[in-house]
K.L.:
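Take this structure first; my questions come after.
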Amino acid sequence: MFTDLAAAADSPLLHNLNPEQRAAVTLPAGNALILAGAGSGKTRVLTTRIAWLLQTGQVSPGGILAVTFTNKAAKEMMTRLGAMLPVNVRGMWIGTFHGLCNRFLRAHWKLANLPSTFQILDTQDQLSAIKRLMKQFNVDDERFPAKQTQWFIAGAKEDGLRPRDVEARSDDDRKKVELYQLYEEQCQREGVVDFGELMLRSYELLRDNDPVREHYQRRFRHILIDEFQDTNRLQYAWIKMLSGTTAEGRFTPNDNSVIAVGDDDQSIYAFRGARVGNMADFVREFDVSHQIKLEQNYRSYSNILDSANALISHNTKRLGKNLRTDQGPGEPVRVYEATSDFAEAQWMVEEMRQLVRDGIDRKEMAVLYRSNAQSRVIETALFNAAVPYRVYGGLRFFERAEIKHALAYLRLLENKDDDTSFLRIVNFPPRGIGARSIEQLQDAARAAGRSMHDAVSAVGGKAGSNLTAFVAKIDVLREQTQGLSLREIIELVLDHSGLIEHYKADREGADRIENLEELVNAAESFVTQEGFGRDAVALPVDELRQAPASQGLDPNRPVLDEPLAPDAETGETLSPLAAFLTHAALESGDNQAQAGQDAVQLMTVHAAKGLEFDCVFITGMEEGLFPHENSMSDNASLEEERRLMYVAITRARQRLYMSHSQTRMLHGQTRYNLKSRFFDELPEGALKWLTPKNQGFTPSAFGYGGGYATTRGGAGGFSKDSFASPPVPPQKAAPSHGLRSGMQVFHNKFGEGTVTALEGSGDDARAQVNFPRHGVKWLALSVAKLTPV
DNA sequence: CTTTTGCTCCTTTTT
DNA sequence: GGAGCAAAAG
């Protein structure tokens, strides 16, 4: 360890860093903002910073708090750090916001007013809990869709608001606040917390408990936050609590150092509460003394980078940043116009085959799209061409129905009051407990103010005996699993729950059984990785010894230095089962990890953030899709779409393709789309149009009969019949209004547009029209005056 | 009580 | 086009 910083300037850690990176790594104490562009070595800077702080003795491992958004990012940080320094990374507070809050609440569950066995609700569980609640209170789900209520509650929590804090402006709002209140009571009764609650509870405990707050403020000397542009109000407030809020609730930056790393141009999560404004607030409220911009890009050639820079310069609200590269221009960005989504996929497959022939690995090719629904056509094309591919997104391992069923049994063993889990499995596998019995039980439970588990005895008759048998089974299982290893517990539960048997009887149950077996493996590797049975190593944290025991901060107990450290007094430790259930809730697991195989990667642009590939295809670049039609009306969301496109472009190292299609099947209907406005925002010099530059769908395009040119001869292997002839718009019998799909029409307000669909007849007749500047509209023909052009 | 059929709604997503 | 869910048939 270095004793003085002068000697440390030669540290091997700092080798191969550019001046900006080096400045960021060696920042003096104080609050700082690092604007890190795409591909500028952000993660490297963050981890090196931590390693540097430790190596120069400026802080001990226990004094570091590093927060990320995804488990993947946290894991990567720990791996890299472990490679740089011989340090016990697991003892450090590196993790996701939610993971760290969970750790915090597990340690202070009593102060947080939670049962020690509290369970975590994921989004699915939360929705079903809300549905159950709304049914119980006879809320009209037409007027208040459960999804909307869920959105309302999650949104309130992201803003740090409890029901009493929410300002209700309408009767509907008041009803939602009431539901929020009832939902909270239900969660508290059942001993469960949702994701937002993990954050909010932690925040409130820090806010309301002076010794706890002061303890952690003293402890965390260096706080580092990754992807700062994605933080929401509550997360920002949480950071302020940890770094200098006083008992009076005033915030003054103290001598902790907070380093926020982010890129306002890559803020793509405003729709779920992220607040880019936190960056500006941070600079102001934390008296930021240093701002560093990392603009040197090590990823892409300049044609790609120029495109990204040009595009994003159309956004008005920016902190200002321009990526540069030392690499040459590289390949031009290739643009392709297809006649249909099917043809677009065909073209892509051919292009990929050529790339493979050129020696590029399939796993270095990514297909990006705006929404998941777009993947199907592409999958079909890849499948038919026998090109291996892997789709990200969709159901993750711990979200699969059979896994959730198994977990529900396990959760009930831990926490019998978890009614969400109870309901999920009370009649699964079917055991003769129908809707009526369940309703009876729910009524009884509500009347007695108990959980469903505890209210079973109040239900008589045949229904009652089935229920009693079920509860008895759970209770027996709980007894039987005492003292067993995690693996044995799960095997026992799978066996005695009847799940395996049930799926064996099902013709299509083989996959599900396989997944259940995989659950046993997941548990097994969890146990090994988390180091159960290994002695927890407590790190010296001197501050801790001054904390008063009365506040639950036992001076002799190394609070939270190890996630699973046993309680010093009772020797009590989080059971492996409890830890595994937490793990399952917080890390929904990889999708289907067919890792290792050389396969083309398919994912949404959102999912691609943080990744990079040699070749990237951005597909479906059409008005209404990208930018998405729901985001075209107001400028703020349009700018977010543009940032999304910026993220997509900057994923590519060497080759970038963009494609759009004249027609596309969407919701079982053919749509005619114009090419994306984003094309107009790219530098013409960096582009190469593989097809004649065009408008996207126009009626005249139908007259264009020639096969489209492709870049190389080699790519022409597709059958001409499959798509070379332009699609013919559906010729429905012309109704009285005389409009047809594909027609150019004029509207007084919206100007010229293209009819893309027709529906109904007579007075109900409606037309879908795509207006270049106003987007896609449905117009009632009895009202709207449309004149053919 | 369970299975089947018909009807509705469709962003983006991590925790 | 297809998942998810509620009413109707078995």
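Model, not experiment: these values are computed from the prediction. Residue numbers begin at 1 in each chain, while the letters A, B, ... track the order of the sequences.
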K.L.:
Can you tell me how far P in dG4(C) sits from the matching atom in dT13(B), rounded to whole Å?
P.N.:
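Each nucleotide's P atom is 16 Å from the other's.
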K.L.:
Does Thr123(A) make a side-chain donor-acceptor contact with the base of dT13(B), cut-off 3.5 Å?
P.N.:
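It does not, because no donor-acceptor pair links the side chain of Thr123(A) to the base of dT13(B) below 3.5 Å.
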K.L.:
Assign the ring pair His583(A) / Phe398(A) to parallel, tilted or perpendicular, where the plane angle (0 to 90°) is split at 30° and 60°.
P.N.:
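His583(A) vs Phe398(A) ring planes: perpendicular.
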K.L.:
Within 45 degrees of the axis of the six-membered ring of Tyr646(A) and under 6.0 Å from its centre: does Arg642(A) put its NZ or CZ there?
P.N.:
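No cation-pi geometry.
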K.L.:
Given atom CD of Glu399(A) and atom C1' of dT13(B), what is their separation to the nearest angstrom?
P.N.:
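After rounding, the gap between these two atoms is 10 Å.
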K.L.:
Name the nucleic acid region contacted by Asn427(A), choosing base, sugar-phosphate or nothing; use a 4.0 angstrom heavy-atom cut-off, strictly under.
P.N.:
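Asn427(A): backbone/sugar contact only, no base atoms under 4.0 Å.
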K.L.:
Name the orientation class of the two ring planes belonging to Tyr269(A) and His606(A) (parallel below 30°, tilted from 30 to 60°, perpendicular beyond 60°).
P.N.:
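Taking His606(A) first and then Tyr269(A), their aromatic rings sit tilted (interplane angle of 30° to 60°).
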K.L.:
When we call it a touch if two heavy atoms are under 4.0 Å apart, what does Tyr269(A) touch: a base, just sugar-phosphate, or nothing?
P.N.:
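Sugar-phosphate: the residue Tyr269(A), judged by heavy atoms under 4.0 Å, touches backbone atoms but no base.
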K.L.:
Check every strand shown and say whether Asn372(A) touches a base, only sugar-phosphate, or nothing at a heavy-atom separation below 4.0 Å.
P.N.:
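Contact class for Asn372(A): sugar-phosphate only.
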K.L.:
Could you state the atom-to-atom distance from CZ of Phe428(A) to P of dT3(B) in whole Å?
P.N.:
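Atom-to-atom, Phe428(A) to dT3(B), this comes out as 10 Å.
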K.L.:
Check this for me, if you would: do Glu414(A) and Arg411(A) make a salt bridge, where the nitrogen-to-carboxylate-oxygen distance has to be below 4.0 angstrom?
P.N.:
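Between Arg411(A) and Glu414(A) there is no salt bridge, as every charged N stays at least 4.0 Å from the carboxylate O atoms.
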K.L.:
Between Ser371(A) and Thr96(A), just flag the one whose closest nucleotide in DNA chain B comes earlier from the 5' side.
P.N.:
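Residue closer to the 5' terminus by nearest nucleotide: Ser371(A).
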K.L.:
Determine whether Glu344(A) and Arg664(A) satisfy the following criterion, salt bridge (charged side-chain N to carboxylate O under 4.0 Å, His left out), listing intermediate values before the conclusion.
P.N.:
CA-CA 10 Å; Glu344(A) 182 186 33; Arg664(A) 184 173 296 277; 2.9 Å; yes
K.L.:
Measure from the side-chain heavy atoms of His667(A) and tell me the nearest of dT12(B), dT15(B), dG1(C).
P.N.:
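The nucleotide sitting nearest to the side chain is dG1(C).
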K.L.:
Taking atom C1' in both dT11(B) and dA6(C), compute the distance separating them and give it to the nearest angstrom.
P.N.:
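After rounding to an integer number of Å, I get 25 Å for this pair.
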K.L.:
Over all strands shown, is Phe69(A) touching base, sugar-phosphate only, or nothing at heavy-atom distances under 4.0 angstrom?
P.N.:
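The residue Phe69(A) makes sugar-phosphate contact but no base contact.
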K.L.:
Report yes if a side-chain nitrogen or oxygen of Arg431(A) is closer than 4.0 Å to either non-bridging phosphate oxygen (OP1 or OP2) of dC1(B); otherwise report no.
P.N.:
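It does not, given that no N or O in the side chain of Arg431(A) lies less than 4.0 Å from OP1 or OP2 of dC1(B).
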K.L.:
Please state how far atom CG in Leu127(A) lies from atom P in dC10(B), giving the value in whole angstrom units.
P.N.:
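From Leu127(A) CG to dC10(B) P: 14 Å.
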K.L.:
Over all strands shown, is Arg376(A) touching base, sugar-phosphate only, or nothing at heavy-atom distances under 4.0 angstrom?
P.N.:
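Here Arg376(A) touches the backbone only, sparing every base.
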K.L.:
For the side chain of His606(A), starting at C-beta, report the closest nucleotide among dT15(B), dT13(B), dT11(B).
P.N.:
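Nucleotide nearest to His606(A)'s side chain: dT13(B).
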K.L.:
Under 4.0 Å between a Lys/Arg side-chain N and an Asp/Glu carboxylate O for Glu158(A) and Arg233(A)?
P.N.:
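A salt bridge is absent here (no side-chain N lies under 4.0 Å from a carboxylate O).
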K.L.:
For a quick check of understanding: with a heavy-atom distance under 4.0 Å over all strands, which category does Ile433(A) fall into, base, sugar-phosphate or nothing?
P.N.:
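Sugar-phosphate, no base atom in range.
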K.L.:
Is it true that the NZ or CZ of Arg162(A) lies under 6.0 Å from the centre of Tyr180(A)'s six-membered ring and within 45 degrees of the ring axis?
P.N.:
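Output no; distance or angle outside limits.
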K.L.:
Counting any heavy atom closer than 4.0 Å, what does Thr582(A) reach on the DNA or RNA strands: base, sugar-phosphate only, or nothing?
P.N.:
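It contacts nothing in the nucleic acid.
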K.L.:
The side chain of Met665(A) lies closest to which of these nucleotides: dT15(B), dG1(C), dT12(B)?
P.N.:
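Within the option list, the nearest is dG1(C).
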K.L.:
Does OP1 or OP2 of dC1(B) have a side-chain N or O of Ser437(A) closer than 4.0 Å?
P.N.:
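For dC1(B), OP1/OP2 do have a side-chain N/O of Ser437(A) under 4.0 Å.
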K.L.:
Starting from C1' on dT14(B), measure out to NZ on Lys75(A) and report it in whole angstrom.
P.N.:
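Going from Lys75(A) (NZ) to dT14(B) (C1'), I get 14 Å.
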K.L.:
Dot-bracket for DNA chain B, 5' to 3', counting Watson-Crick or G-U wobble pairs under 3.5 Å, with [ ] for crossing pairs and | for inter-strand pairs?
P.N.:
||||||||||.....
K.L.:
Below 30° counts as parallel, above 60° as perpendicular, anything between as tilted: where do the rings of His405(A) and Phe428(A) land?
P.N.:
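Ring orientation of His405(A) relative to Phe428(A): parallel.
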K.L.:
Expressed in angstrom and rounded to an integer, what is the separation of Arg664(A) atom CZ from dT11(B) atom P?
P.N.:
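Going from Arg664(A) (CZ) to dT11(B) (P), I get 15 Å.
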K.L.:
Tell me: CG of Leu666(A) to P of dG2(C), nearest whole Å?
P.N.:
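Checked: the CG to P distance equals 13 Å.
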K.L.:
When you compare the ring of His98(A) with the six-membered ring of dT15(B)'s base, are the centres less than 5.5 Å apart and the planes under 30° from each other?
P.N.:
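A stacking contact does not exist, since His98(A) is not both close and nearly parallel to the base ring of dT15(B).
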K.L.:
Determine the contact category for Asn71(A): base if any of its heavy atoms lies under 4.0 Å from a base atom, sugar-phosphate if only primed atoms, P, OP1 or OP2 are that close, otherwise nothing.
P.N.:
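If one applies the 4.0 Å heavy-atom cut-off, Asn71(A) turns out to touch the sugar-phosphate alone, with no base involved.
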K.L.:
Would you indicate what Lys131(A) reaches in the nucleic acid, counting non-hydrogen atoms under 4.0 angstrom: base, sugar-phosphate, or nothing?
P.N.:
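Touches sugar-phosphate only.
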K.L.:
Give the rounded distance in Å between these two atoms: CD of Glu197(A) and C1' of dT15(B).
P.N.:
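Atom-to-atom, Glu197(A) to dT15(B), this comes out as 14 Å.
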K.L.:
Name the orientation of the base relative to the sugar in dT8(B): syn if the glycosidic angle is within 90° of 0, else anti.
P.N.:
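You should classify dT8(B) as anti.
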K.L.:
Can you check the Glu439(A) CD to dC1(B) P distance for me, whole Å?
P.N.:
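Between P of dC1(B) and CD of Glu439(A): 11 Å.
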K.L.:
Hey, are the side chains of Arg651(A) and Met603(A) touching, using non-hydrogen atoms and a 4.5 Å cut-off?
P.N.:
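No - every pair of side-chain heavy atoms lies 4.5 Å or more apart.
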